[in-house]
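Working notes, beginning with the structure itself.
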Protein chains: 2
Amino acid sequence: MLTIGQLAAYAGVTVRAVRHYHQVGLLPEPERDASGYRRYGATAVVSLIRIRTLANAGVPLSQIGDLLEADASDFAEAVQRIDSHLRDEIERLETSRKQIAELTAGDSLALPLEVAAYLDRLRDIGASKRMVEAERDGWILVAARWPERVIEWMPAKVAELDNPQVVRLYRILSEIFDGDADDDPRMAEAADIMAALAEQAHAAGEMNLGEEAHDDLPHDLIDALAVESDPRVERLLELMRERGWSGWNRMERLVEPPD
Amino acid sequence: MLTIGQLAAYAGVTVRAVRHYHQVGLLPEPERDASGYRRYGATAVVSLIRIRTLANAGVPLSQIGDLLEADASDFAEAVQRIDSHLRDEIERLETSRKQIAELTAGDSLALPLEVAAYLDRLRDIGASKRMVEAERDGWILVAARWPERVIEWMPAKVAELDNPQVVRLYRILSEIFDGDADDDPRMAEAADIMAALAEQAHAAGEMNLGEEAHDDLPHDLIDALAVESDPRVERLLELMRERGWSGWNRMERLVEPPD
DNA sequence: TGAAGGGTTGACGCAGCGTCAGGGTCAAGC
DNA sequence: GCTTGACCCTGACGCTGCGTCAACCCTTCA
């Protein structure tokens, strides 16, 4: 007769595991000796080894009991199920590995590489750290909603950065929001540039985003995000409204200008 | 301002998950509105998306907080750790798949194929179901202790089955233990055959198992197993003792026979 | 006789939420 | 003004397979 420790050692498991199998009814509780110790016979050893064999193969404990009593065809079927479940699990993990492989650096986190490249360009033309982070967060919102489309939009955005007006705009905005003046006079200049750019885009008919325009939520969120990150943005929006434009990222004409 | 449901929908997660992130401190609790509802700004949306991006990549929640604030080198290092952890997990599951692939049928469960083949042969020569199962359980005990050696021993065991005496022995034993007579007269015949076989083996010097002989536990367990599976085995052991042999599976001479 | 090395039950911990239970709130239609 | 359905709230258990205390008892050996 074996003690629980000897039984466990023979089967290569821990004592705790054996007790657990008792608890879940996988292994019957044996008789106790005079001092209350569990005493095991050879049958228990065999049962335990068979249980461990299945458990090592990845079979959930809850199924092992049935499996040990199943006939050949039920057994084969169950094995099939378990195997395909394992395959799914492996695939899930493989996907995870691919995903983290793409998380090489900070910006590409939650963003496609194209957008990360755009943000790098922004940094290059002199946008401040805060500015780039704000842009990044905005694009995260966009990418979450239109993960496919956002990639298509990037070439045009990158091209915009060749426009000296745009470069000047980002530099001014960077300086304004990196400073701590509550009412920087350059804010008016920024608004002027933005209005001019909007005017050009409108004239060129580039202001239509397609069906995405119908979903206001991302745009509203981006506006809100900008204000949350710096309340002075509110002032900038006001200046834009004075110039006949609403919004921050998806500008709309408030009033048609006189001819 | 978004409700928790809108926030969750935007990021593609469940409401419960968001609340969980609050609980573990990953996402800060937002302000409440007049009726106690949580109200989220755009910043929360961005945070949540970034959290999910890492979580989807298999990063444990407990590390996501640090990771979102880490610099590029710490980030890369952490990503390395997580990736190698994922690799280990995948390998574990692959191993499981291999294992269950080998569990095609009942007997090979916890036994190498060689032993399963031996059991099939046993069935072929007319051993009863009970008999084969008893043998199987015995070999499970042996295979658990000497997984390598057991394979080497099988050819000799299979060869034994060509011996008509052995075949007869298994048939008699099958009949005895499939019946319900408490004192089957054929038991003496079985004992005679076993004694004769032991004598032959002893004479041929085949009774040494090598160093394995020093470990009594498996042998004792097999004897116990036999008795547990049918108490009448005890009688058989007694008959063997009368014939000068001890034990059931690893027989030893009790007394040297007179010349 | 005391210490070491077993054994006993009971209970919490882990990871990441899912899923009740038992409420309150909001918007819309009657 | 009332109902209905869709949301929101907190609190708590469940799942998987044990690991790891805690607090205590039993046996054995120096």
Side-chain angles (χ1 to χ4, degrees), chain A residues 1-27 29-40 44 48 50-67 81-82 85-86 88-89 92-93 95-96, chain B residues 1-27 29-40 44 48 50-67 81-82 85-86 88-89 92-93 95-96 99 217:
Chain A
M1 286 305 212
L2 307 176
T3 67
I4 195 170
Q6 294 169 320
L7 168 71
Y10 197 104
V13 305
T14 65
V15 169
R16 182 65 181 85
V18 174
R19 287 204 267 251
H20 184 64
Y21 300 151
H22 288 323
Q23 235 178 10
V24 299
L26 212 46
L27 196 62
E29 281 274 2
E31 309 271 299
R32 306 299 181 103
D33 67 11
S35 56
Y37 289 14
R38 294 177 178 84
R39 288 299 178 165
Y40 297 90
L48 182 53
R50 285 162 57 83
I51 289 168
R52 277 315 306 174
T53 304
L54 287 173
N56 286 338
V59 179
L61 294 193
S62 57
Q63 299 180 29
I64 291 183
D66 294 339
L67 217 51
R81 272 207 317 280
I82 292 158
H85 182 248
L86 280 178
D88 291 352
E89 276 296 286
R92 230 174 34 77
L93 295 182
T95 311
S96 288
Chain B
M1 285 305 214
L2 307 176
T3 67
I4 195 170
Q6 295 169 318
L7 169 71
Y10 198 106
V13 305
T14 65
V15 169
R16 182 64 180 86
V18 175
R19 286 203 267 251
H20 184 64
Y21 300 150
H22 288 322
Q23 232 178 12
V24 299
L26 254 183
L27 196 62
E29 281 275 2
E31 309 272 300
R32 306 299 181 103
D33 68 10
S35 57
Y37 289 13
R38 294 178 178 84
R39 288 298 178 166
Y40 297 89
L48 182 54
R50 286 162 57 83
I51 288 168
R52 277 315 307 176
T53 304
L54 287 173
N56 286 338
V59 180
L61 294 193
S62 56
Q63 299 179 29
I64 291 183
D66 294 339
L67 217 51
R81 271 205 317 278
I82 292 157
H85 182 248
L86 279 177
D88 291 351
E89 276 296 285
R92 230 173 35 77
L93 294 182
T95 311
S96 288
Q99 304 237 9
L217 186 50

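If you're wondering where the values come from, they're calculated on a predicted model, not measured in any experiment. Chain letters run A, B, ... following the sequence lines, proteins first and then strands; every chain starts at 1.
Put simply, B:Arg32 has no side-chain N or O that comes within less than 4.0 Å of OP1 or OP2 on C:dT25. Regarding contacts with the backbone of C:dG7, a side-chain N or O of A:Thr3 is found under 4.0 angstrom from either OP1 or OP2.
With sequence neighbours excluded, the residues that form a side chain to side chain contact (heavy atoms under 4.5 Å, CB included) with A:Asp33 are A:Ser35, A:Tyr37, A:Arg39.
Closest to the side chain of B:Ile4, from the set C:dT8, D:dC8, D:dT27, is D:dC8. Which of C:dT9, D:dT27, C:dC26 sits closest to the side chain of A:Arg19 comes down to C:dT9.
The nearest whole Å value for the distance from the CD1 atom in A:Ile82 to the P atom in D:dT16 is 13 Å. D:dC7 atom P lies 15 Å from atom CG of B:Leu7, rounded to whole Å. Taking atom CG of A:Leu54 as the reference point, atom C1' of D:dG17 lies 15 Å away to the nearest angstrom.
At least one side-chain heavy atom of B:Thr95 sits under 4.5 Å from a side-chain heavy atom of B:Gln99. Contact annotation: the side chain of B:Ile82 approaches that of B:Leu67 to within less than 4.5 Å [non-hydrogen atoms, C-beta and beyond]. With contacts defined as side-chain heavy-atom distances shorter than 4.5 Å, the pair A:Tyr40/A:Val18 qualifies. Taking 4.5 Å as the limit, every side-chain heavy atom of B:Arg81 sits out of range of all side-chain heavy atoms of B:His85. Side-chain contact check for B:His22 versus B:Arg38: some heavy-atom pair is nearer than 4.5 Å. B:Gln6 places a side-chain heavy atom less than 4.5 Å from the side chain of B:Thr3.
Along DNA chain C, the nucleotide nearest to B:Ala34 and the one nearest to B:Val15 differ in position, and the one closer to the 5' end is contacted by B:Val15. Taking for each of B:Gln6 and A:Tyr37 the nucleotide of DNA chain D with the nearest heavy atom, the 5'-most of the two is the partner of B:Gln6.
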N/O contacts under 3.5 Å, protein versus nucleotides 14-17 of chain C?
residue, atom, partner, partner atom, Å
C:dG16, OP1, B:Leu61, N, 3.2
C:dG16, OP2, B:Leu61, N, 3.3
C:dC17, OP2, B:Tyr21, OH, 3.1
C:dC17, OP2, B:Arg52, NH1, 3.4

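Among the heavy atoms of the strands lying under 4.0 Å from A:Arg38 are primed sugar atoms or P, OP1, OP2 only; no base atom is included.
Recorded end-axis angle for the helix from C:dT1-D:dA30 to C:dC30-D:dG1 stands at 30°, based on five pairs per end and rounded to 10 degrees.
Here the closest non-hydrogen pair linking B:Val15 and B:Gly5 is CG2-CA, 3.9 Å.
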Checklist entry - Given the rule in the side-chain contact (heavy atoms from CB on, under 4.5 Å) test, do A:Glu89 and B:Glu89 qualify, once you have shown the distances and angles that lead to the verdict? => result CA-CA 10 Å; A:Glu89 276 296 286; B:Glu89 276 296 285; over 6 Å; no

